[in-house]
Amino acid sequence: MNPVATAAALGLAGSAGVVLAILRLAPRLPAAAPNARSLHRAPVPRVGGLALCAGFLLGAGGSVGDLPGGAAGWLPAWLVLAVVSLWDDARGAPVSARLAAQAAAGLWAAAWLLRMPGSALPGVAPGVAYLPGLAVVAVILVWSANLYNFMDGSDGLAGAMTLVGFGALALGADADPALRVATTALACAAVPFLAANRPPARLFMGDVGAVPAGFLAALLGLGGALRGDWPAWFPALVFLPFAADATVTLLRRAWRHERVWEAHRDHYYQRLHRLGAGHPGTLAVYGGAMLGTSATALACRAFAPHAGTAALLAWCAAHAMLFAAIDYHWRRRPSAIP
């Protein structure tokens, strides 16, 4: 069996085993309780991300050392994020502790990314000129980890983005065996989880899955671009449905001087759900967007790399129109919809 097939099989098996264990132990595990800011009506176990972590590590295996930044660069940061996120799922970690861990993990991984052999940024070295790049990369990593978590609020969304997004990265990593193995493992690990997370969800990803997955999306996407595995527009286009919704929502809340770190129901996917689409309809709309952006990214990479930036801008415009349509109907919603 070739390494990619092995990664797929191990990712599936590892994730499936953990999913079955979580479902069996569900009454004893931390659950997401319904509240005024959630989209659910019953408690659901929220540590399903452990299945992604297990399937990814088992399937990636020996390739972890050859991923962008090397094992010493990304693995400690990823583990810190996973542990702190599990703490938050189980006990509720303070915001200060979560942000401190994310900042440290982002800076650590960014430092290794910028100095890895073969980087597309030759000559980058510690010093005054190095600091802006370090800060920018760290912010990208931390924001990606958080936006993925913000988008994990409707049945199937985060699982679908993991399957489609990392599956697209796996198909695009044709020149990097280690990157293809790792992304294949994570995409396949999403399959058993998605089977339990699709509407109606019996299992949520939780912080322990969403935060590390978002971190990996940025680390592997940006790291692959720095190493020349794909153009920078490629991972940006693949994960655009999540990045666009979370970023536009954050900017809107910041413009209105709201507390951006507090839980809310102002994301466009949440509004779409509350307008009547529900979990199935919201997954259909956003799942279609995920498939569309990923297919476009792969097609441009294979046949028209020069058109990638234009394709990204076109899909940004398409998302803007979707958000405008949701805003339009939201302003005219019946008074019964809070």
Side-chain angles (χ1 to χ4, degrees), residues 2-15 18 49-86 100-122 124-126 130 133-134 137-142 144-145 148 162 165-167 169-170 172-190 208-230 235:
N2 66 53
V4 174
T6 300
L10 292 176
L12 280 167
S15 177
V18 175
L50 290 172
L52 295 180
C53 295
F56 168 65
L57 289 177
L58 186 62
S63 70
V64 297
D66 296 320
L67 295 179
W74 72 268
L75 188 55
W78 183 84
L79 289 173
V80 165
L81 292 176
V83 169
V84 173
S85 298
L86 181 58
Q102 291 170 7
L107 288 169
W108 177 270
W112 285 82
L113 278 179
L114 291 179
R115 301 183 65 190
M116 65 182 175
S119 171
L121 298 176
V124 173
Y130 171 77
L134 178 69
V137 174
V139 167
I140 292 173
L141 294 173
V142 172
S144 181
Y148 219 95
T162 304
F166 288 97
L169 294 190
D174 49 2
D176 191 325
L179 194 54
R180 171 161 281 188
V181 164
T183 49
T184 296
L186 187 49
C188 291
V208 70
V211 172
F215 174 79
L216 283 177
L219 177 103
L220 300 180
L222 182 57
L226 291 175
R227 293 203 309 199
D229 294 314
W230 43 55

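Bear in mind the structure is a predicted one, so any value in this text is a computation, not a measurement. Atom set for the values below is all heavy atoms of this structure, side chains included, hydrogens, waters and symmetry mates excluded.
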Note: Ser144 and Gly214 closest approach over all heavy atoms is OG-O, 2.6 Å
Taking all non-hydrogen atoms of both residues into account, name the closest pair between Leu222 and Val137 and its distance.
CD2-CG1, 3.6 Å
By side-chain contact (heavy atoms from CB on, under 4.5 Å), Ala101 pairs with (sequence neighbours left out) Val80, Val84
Could you tell me whether a side-chain N or O of Trp78 sits under 3.5 Å from a main-chain N or O of Ala105, the two making a donor and an acceptor?
no
Hey, could you give me the CG/CG distance between Asp229 and Leu169, rounded to the nearest 0.5 Å?
10.5 Å
So, for Ala109 and Ala77, which heavy atoms are closest and what is the spacing to 0.1 Å?
CB-CB, 4.3 Å
Measure from the side-chain N and O atoms of Trp74 to the backbone N and O of Val64, and report whether any donor-acceptor pair falls under 3.5 Å.
yes
Answer yes or no: is there a donor N or O on one side and an acceptor on the other, between the side chain of Ser15 and the main chain of Leu12, under 3.5 Å?
no
Run the side-chain contact (heavy atoms from CB on, under 4.5 Å) test against Ala5 and tell me which residues pass, sequence neighbours left out.
Met1, Asn2
Smallest heavy-atom separation, Gly223 atom then Pro68 atom, equals CA-CB, 3.6 Å
Partners meeting side-chain contact (heavy atoms from CB on, under 4.5 Å) with Leu58 (sequence neighbours left out):
Leu10
Contacts of Asp66 meeting salt bridge (charged side-chain N to carboxylate O under 4.0 Å, His left out) (sequence neighbours excluded), chain-then-number -> none
Checking Ala8 now: which residues fulfil side-chain contact (heavy atoms from CB on, under 4.5 Å) with it, not counting sequence neighbours?
Thr184, Cys188
Nearest 0.5 angstrom please: Leu75 CG to Leu67 CG, how far?
9.5 Å
Would you name the heavy atoms of Pro212 and Ala82 that are closest together and state the gap between them?
CG-CA, 3.8 Å
How far does CH2 of Trp230 sit from CG of Leu220, to the nearest 0.5 angstrom?
7.0 Å
Grab the two heavy atoms, one from Val18 and one from Ala54, that are nearest each other, plus how far apart they are.
CG2-CB, 3.7 Å
Point-to-point distance, once rounded to the nearest 0.5 Å, from CG of Leu113 to CG of Leu141:
6.0 Å
Check whether any side-chain heavy atom of Phe56 sits under 4.5 Å from a side-chain heavy atom of Leu216, and report yes or no.
yes
Name all residues meeting the side-chain hydrogen bond (donor to acceptor under 3.5 Å, both in side chains) criterion together with Thr162; count only those two or more places apart in sequence or in a different chain, and write none if there are none.
Tyr148
